[in-house]
Amino acid sequence: MAGIDNNSNEQEVKTPKNFIHQQIIEDLAAGKNDGTVHTRFPPEPNGYLHIGHAKSICLNFGTALKFGGLTNLRFDDTNPTKEDVEYVDSIQEDVHWLGFDWGDRLYYASDYFEKLYDFAVTLIKRGKAYVDFQSQEIISEQRRTPTQPGIESPYRNTSQEENLQLFEKMRSGVFEEGECVLRAKIDMTSPNMHLRDPLLYRILKQTHHRTGDQWCIYPMYDFAHGQSDYWEGITHSICTLEFEIHRPLYEWFVNELADTNYRPRQIEFSRLNLSYTVMSKRRLLQLVKEGYVNGWDDPRMPTICGLRRRGYTPEAIRAFADMVGVTKVDGVTDVAVLEYCIREDLNKRVQRVMGVLNPLKVVITNYPEGVVEEVDAINNPEDESMGKRKVPFSRIIYLEKEDFMENPVNKFFRLAPGREVRLRYSYFIKCNEVIKNDQGEIVELHCTYDPETKGGNAPDGRKVKATLHWVSEANAVKADVRLYDRLFTDPDPAGHKDKDMLEFLNPDSLKVLKDCYIEPFVRNAKALDNFQFERLGYFNVDPDSESGKMVFNRTVSLKDSSKK
RNA sequence: UGUCCUGUGGUGUAAUUGGCAACACGUCUGAUUCUGGAUCAGAAGAGUUCAGGUUCGAGACCUGACAGGACAACCA
């Protein structure tokens, strides 16, 4: 697990204000909550965190930080059928990696099962909850539709004493799954469906990842969330727009529960949608389970761990979260914004190295055989402090195939017969001869170098129009490079049905390039994580792969790869 | 035919208590560069969904339309 980034305070200053901040400022001005702000990030441990959660994490932790408050991490684990410790662990790792810390405030909704049960008993005693023995279908029918009032259940007016006994029996396992549920008695005619006697508890004879077989009744989301917020002293419960219509119910429960003036306040914002990206947990799970990707942390996945393996930094993701802002408008953010964030971050901090993905052998005919000299290369032209490194140069080198054109088209400035170019940090070379095989394919170039141009400048002041990256054949590291592109070709893959979505899988999303050559420095510098191929783009050494393989981020830096 | 939410350049967001619509991404042009990257300079692109109203003045306030989204899981 990566360490915790303690620079979050700096970021807080830059965080643009949003409507949630405005509301908090108003609340503070009104003297609510004794001037404190306490938020929470409440994932259900039923999948891995993705970039959409990152927005929520940055919002919740960032908001608390901004107002000098705290943030809890709480697992909303009220449905044992979907949840697993694997997810609990990965979520903690990812939140930490993003640079946020919940201190000792790690909670589980399942910690509150006993208190929630007691509260349900209280509601029954107040005549505000009842056990309903009707089938799921009947209950659903009685709720009718949003445009017509619902019908009351025949069990709605069972006596409190009887309900108390029945609920106890539910808990002790007397009834089978689906036989009965506990419902709140609110208003079957409400235009808000969530107020038409919502379910509080259902029977689930399942083992829970934390409470084991201790319980066979489990609270519903609505019956757990607001109460958990209340018990934890959450002041602002920030969630996504789909819970907006739940708010009256959230407030109903909290009002029934509260014995002070304190009330947590639910505020909704629009979830992140990214073009070319599928974000629903259900669909991501499908991609994993059906083998369209190699796990939750496949670099093509929009998961935090996928982005991490791809070379994204926490800083870039936080910058992205700030950049997209917070509103209630549900729109689609262009992935180009995310890619911009990582490009900008990496550009400043990443070690530049040379490498060729598609090698073309070049013999420098006037360079002595058996000699290896080292040239000085700058590690990052934008940051002197990153220093220099030595790169071996010799008679036989590799260039990128596409850096040579036998019959150069207009505006092609790189190597061509008779043309002189610069090899980055070393010499000017001129192409004299093109060697082809029987099929007429170019297999080798013969060039001459100008010893006077060592270091990359000609004493006579003559200029070249291109600078090429290169590697020395004898010294280069041979590696397989995995090239990752977007998983989907459609800007809105999530806008289709699950099966249609799969039609837009990009067949080129993963390419394995054999026999790529990387300058030897890379082999000894894996700890750096990210590099930038001169002129080609970013890549990172993938710690999980067989040694020598690289993850290569085509989309991140090849801004111009699609155009001429 | 219901309730709630939301409508600002292609996209995401801004616009103190109403005061000539700003920023970022993207796009395009030019300069520069030892990455066709980065950088620098510049341009195009909305008159704020529409119609009324209040006002000296409205993206902001009011009314009414229209459009999009959410809600009818023993999911969260």
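Order of the sequence lines fixes the chain letters, A, B, ..., with proteins taken first and strands second; residue numbering starts at 1 for each chain.
A salt bridge is defined here as a Lys NZ or Arg NE, NH1 or NH2 lying under 4.0 Å from an Asp or Glu carboxylate O, and A:Asp111 with A:Arg74 fails to meet this definition. Remark: A:Glu242 engages A:Arg271 in a salt bridge, criterion side-chain N to carboxylate O under 4.0 Å.
In a base pair of the Watson-Crick type (N1 to N3 plus N6-O4 or O6-N4) or a G-U wobble (N1-O2 and O6-N3), with each distance short of 3.5 Å, B:A22 is matched with B:U13. Here B:C28 sits opposite B:G42 as a Watson-Crick or G-U wobble pair (both hydrogen-bonding atom distances under 3.5 Å). Pairing for B:U49 goes to B:A65, judged as Watson-Crick or G-U wobble with the two contacts each under 3.5 Å. B:U3: Watson-Crick or G-U partner is B:A70, with both key distances under 3.5 Å. The partner of B:G59, taking Watson-Crick or G-U wobble pairs whose two distances both stay under 3.5 Å, does not exist in any strand shown.
Between the P atoms of B:G7 and B:C74, the separation comes to 32 Å (whole Å). Comparing the same atom, P, in B:U63 and in B:A70 gives a spacing of 26 Å after rounding to whole Å. Taking atom C1' in both B:G9 and B:C28, the straight-line distance is 15 Å, to the nearest Å. B:U54 and B:A58 have their C1' atoms separated by 10 Å, given to the nearest Å. Rounded to whole Å, the P atom of B:C61 lies 15 Å from the corresponding atom of B:U8. B:G59 and B:U16: their P atoms are spaced 13 Å apart (whole Å). Look at the C1' atom in both B:A46 and B:G12: the space between them is 14 Å, to the nearest Å. Annotation: B:C40 and B:G47 have their P atoms spaced 30 Å apart (nearest Å).
Using a 4.0 Å heavy-atom cutoff across all strands shown, A:Val326 reaches sugar-phosphate atoms only and no base atom. Within the 4.0 angstrom heavy-atom criterion, base atoms lie near A:Phe413.
Checking side-chain atoms of A:Arg283 against main-chain N and O of A:Ala494 turns up a donor-acceptor pair under 3.5 Å. With hydrogens and angles ignored, the 3.5 Å screen pairs no side-chain donor or acceptor of A:Thr207 with any backbone N or O of A:Asp213. Between the side chain of A:Ser270 and the main chain of A:Thr327, a donor-acceptor pair closer than 3.5 Å is present.
Across the protein-nucleic acid pair, A:Glu339 atom CD and B:A24 atom C1' stand 16 Å apart, rounded to whole Å. Between A:Glu251 atom CD and B:C4 atom C1' the separation is 13 Å, expressed in whole Å. At whole-Å resolution of the value, CG in A:Asn347 and P in B:U39 are 7 Å apart. Atom-to-atom, OH of A:Tyr276 to C1' of B:U11 comes out at 12 Å; the value is rounded to the nearest Å. Per the geometry, NZ belonging to A:Lys348 stands 18 Å off P belonging to B:G37, to the nearest Å. Whole-Å rounding puts the A:Leu468 CG to B:G37 P distance at 14 Å. Straight-line distance from the CG atom of A:Leu415 to the P atom of B:G36: 13 Å, rounded to whole Å. What separates CG of A:Asn380 from P of B:U39 is a distance of 13 Å, to the nearest Å.
Of the residues near RNA chain B, A:Glu344 and A:Gly331, the one whose nearest nucleotide (by heavy atom distance) lies more toward the 5' end is A:Gly331. Projected onto RNA chain B by closest heavy-atom contact, A:Thr147 and A:Asp334 fall at different nucleotides, the more 5' of which corresponds to A:Thr147.
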Each nucleotide of nucleotides 70-76 of chain B classed B (base within 4.0 Å of a protein heavy atom), S (only sugar-phosphate) or -, in 5' to 3' order, makes -BBSBBB
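A donor-acceptor contact under 3.5 Å is not formed by the side chain of A:Glu402 with the base of B:G36. For A:Arg414 against B:G36, a side-chain-to-base donor-acceptor contact under 3.5 Å is present.
You'll find the ring centres of A:Tyr250 and A:Phe243 outside the 6.0 Å limit. The distance between the ring centers of A:Phe75 and A:Tyr87 does not fall below 6.0 angstrom.
In this structure the side chain of A:His208 reaches within 4.5 angstrom of the side chain of A:Tyr218, judged on heavy atoms.
Rounding to the nearest 0.5 Å places CG of A:Asp222 at 9.0 Å from CD of A:Gln227.
With B:A24, B:A38, B:A14 as the candidates, the nucleotide lying closest to the side chain of A:Asn18 is B:A14. Looking at the side chain of A:Lys328, the nearest of the listed nucleotides B:A15, B:C5, B:G7 is B:C5.
For A:Arg271 and B:U6, the shortest distance from a side-chain N or O to OP1 or OP2 is not below 4.0 Å.
Base orientation at B:G69 is anti, since its O4'-C1' glycosidic dihedral falls outside 90° of 0.
For the residue pair A:Tyr340 and A:Glu344, a side-chain donor N or O sits within less than 3.5 Å of a side-chain acceptor on the partner.
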